[in-house]
Amino acid sequence: MKQTLRLGRVAGIPIGVHWSVLVIMVLLARSLATAVLPADAPGTPRPVAWLFGAAGALLMLLSLLAHELAHALVGRHFGIRVERLTLWLLGGMAEFRDEPPSARADLLVAGAGPLTSVAAAVGFGSVAVLLSAAGGPVAVVVVLLWLTTINLVLAVFNLLPGAPLDGGRVLRAALWWWHGDRARAALTAVRVGHALGVTLILAGLVEVVIFGLVDGLWTALVGWFLIMAAGAEGESVRSRGGAQRQQPKTGAFR
């Protein structure tokens with residue numbers, strides 16, 4: 001994923017965004033300003049609603065960055081070099097130069113992101129409860145509860161068991177630990193990810209055609225992304241496997 005704008009470094013890791021992240025920022029801000037806040041905090045002035053919408057979208061972007069940064073920092077703990085972190089339309093991507101050294105490392109790197117999203121949800125939810133009990137502004141409480149929900153959805157969705165989602169990495173780690181063949185485990189996770197993508201596309205089409213829900217297009221788009229990403233990962237696994245088979249089987253390579 002090519003970075004359109006580099007934002008700097010966090011813990012020495014290059015951070016950047018793809019231009020498409022602007023699209024999701026606008027969509028999130030619009031959803032908060034025109035749907036969530038008018039429904040749950042009626043009477044909020046329109047300019048204030050848009051201000052809170054923009055703030056909520058920014059906080060969500062920072063939550064996503066924390067999710068990906070968790071992957072990167074845990075990976076670096078296990079000696080995996082981090083190329084960069086990129087935020088884009090459908091989320092974020094931590095790019096690594098190396099493969100995990102063990103199934104345990106693979107599992108912990110994969111689980112770090114969803115755990116961070118759950119922690120963010122707990123943090124936003126706790127502040128929302130405290131602020132509500134103290135009689136704080138309703139609009140702020142609504143935004144915090146929205147952030148709580150979005151982070152929980154992010155964690156749950158990413159734990160679906162198919163590559164390239166975090167749940168696919170967890171599945172890969174479990175299968176790798178079980179039968180000791182990382183490439184075989186990775187290809188199984190890829191096949192599950194492909195099936196998951198097809199399922200989401202079909203579900204999205206059903207939403208659009210049968211129920212007339214435009215949101216189904218988003219579901220189908222996510223499914224298409226999963227299929228493309230799973231296919232690319234499958235090719236990468238196969239190419240690495242082919243390169244390994246071409247290496248001479250001498251003691252130096254065992």
Side-chain angles (χ1 to χ4, degrees), residues 1-37 47-77 80-98 109-110 112-117 119-121 123-124 143-144 146-151 153-155 157-158 163-166 168-169 197 215 217-233 235-236:
M1 176 61 63
K2 186 176 181 180
Q3 295 181 348
T4 305
L5 176 64
R6 294 181 180 180
L7 302 179
R9 292 174 178 266
V10 176
I13 300 170
I15 307 294
V17 296
H18 185 259
W19 65 265
S20 60
V21 81
L22 178 62
V23 176
I24 194 62
M25 288 283 288
V26 171
L27 290 175
L28 290 175
R30 181 178 181 275
S31 175
L32 272 169
T34 64
V36 177
L37 284 168
V48 175
W50 273 101
L51 178 63
F52 283 171
L58 179 59
L59 286 172
M60 185 57 225
L61 193 68
L62 292 176
S63 299
L64 185 59
L65 175 60
H67 178 114
E68 297 302 328
L69 192 60
H71 287 307
L73 293 177
V74 174
R76 196 161 67 176
H77 171 76
I80 305 171
R81 292 173 295 174
V82 183
E83 184 73 30
R84 59 186 177 180
L85 300 183
T86 305
L87 302 180
W88 70 299
L89 176 64
L90 295 179
M93 181 179 298
E95 299 178 51
F96 297 103
R97 294 184 183 179
D98 311 300
V109 172
L115 284 175
T116 299
S117 293
F124 286 126
V143 172
L144 289 171
W146 177 84
L147 286 165
T148 301
T149 302
I150 292 294
N151 273 284
V153 170
L154 178 65
F157 176 75
N158 269 282
L165 298 175
D166 296 335
R169 310 289 187 227
D215 288 347
L217 294 175
W218 183 258
T219 304
L221 177 63
V222 173
W224 174 82
F225 161 72
L226 287 179
I227 290 175
M228 295 298 102
E233 184 160 323
E235 288 300 317
S236 177

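The first residue of the sequence shown is numbered 1, and numbering continues consecutively from there.
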Do the non-hydrogen side-chain atoms of [X] and [Y] ever get within less than 4.5 Å of each other?
{"X": "Trp146", "Y": "Leu59", "answer": "no"}
{"X": "Pro14", "Y": "Glu83", "answer": "no"}
{"X": "Leu37", "Y": "Val143", "answer": "yes"}
{"X": "Phe124", "Y": "Ile150", "answer": "no"}
{"X": "Glu95", "Y": "Thr86", "answer": "yes"}
{"X": "His71", "Y": "Asp166", "answer": "yes"}
{"X": "Met60", "Y": "Ile24", "answer": "no"}

What pair of heavy atoms forms the shortest contact from [X] to [Y], and how long is it?
{"X": "Thr116", "Y": "Ala70", "value": "OG1-CB, 3.0 Å"}
{"X": "Arg169", "Y": "Ala110", "value": "CB-CB, 3.2 Å"}
{"X": "Gly197", "Y": "Leu226", "value": "CA-CB, 4.0 Å"}
{"X": "Gly92", "Y": "Leu87", "value": "CA-CD2, 4.0 Å"}
{"X": "Val82", "Y": "Ala72", "value": "CG2-O, 3.6 Å"}
{"X": "Ser63", "Y": "Asn151", "value": "CB-OD1, 3.3 Å"}

Distance in Å, [X] [atom1] paired with [Y] [atom2], rounded so as to fall on 0.5 Å steps:
{"X": "His18", "Y": "Leu5", "atom1": "NE2", "atom2": "CG", "answer": "12.0 Å"}
{"X": "Leu144", "Y": "Thr149", "atom1": "CG", "atom2": "OG1", "answer": "11.0 Å"}
{"X": "Arg84", "Y": "Ile13", "atom1": "CZ", "atom2": "CD1", "answer": "13.5 Å"}
{"X": "Leu69", "Y": "Leu85", "atom1": "CG", "atom2": "CG", "answer": "6.0 Å"}
{"X": "Leu147", "Y": "Leu154", "atom1": "CG", "atom2": "CG", "answer": "11.5 Å"}
{"X": "Arg9", "Y": "Ile15", "atom1": "CZ", "atom2": "CD1", "answer": "9.5 Å"}

Subject >> More than 12 heavy atoms of other groups within 6.0 Å of Trp224 CH2 >> reply: no
**OP:** Measure from the ring center of Phe225 to the ring center of Trp88 and say whether it is less than 6.0 Å.
**Re:** yes
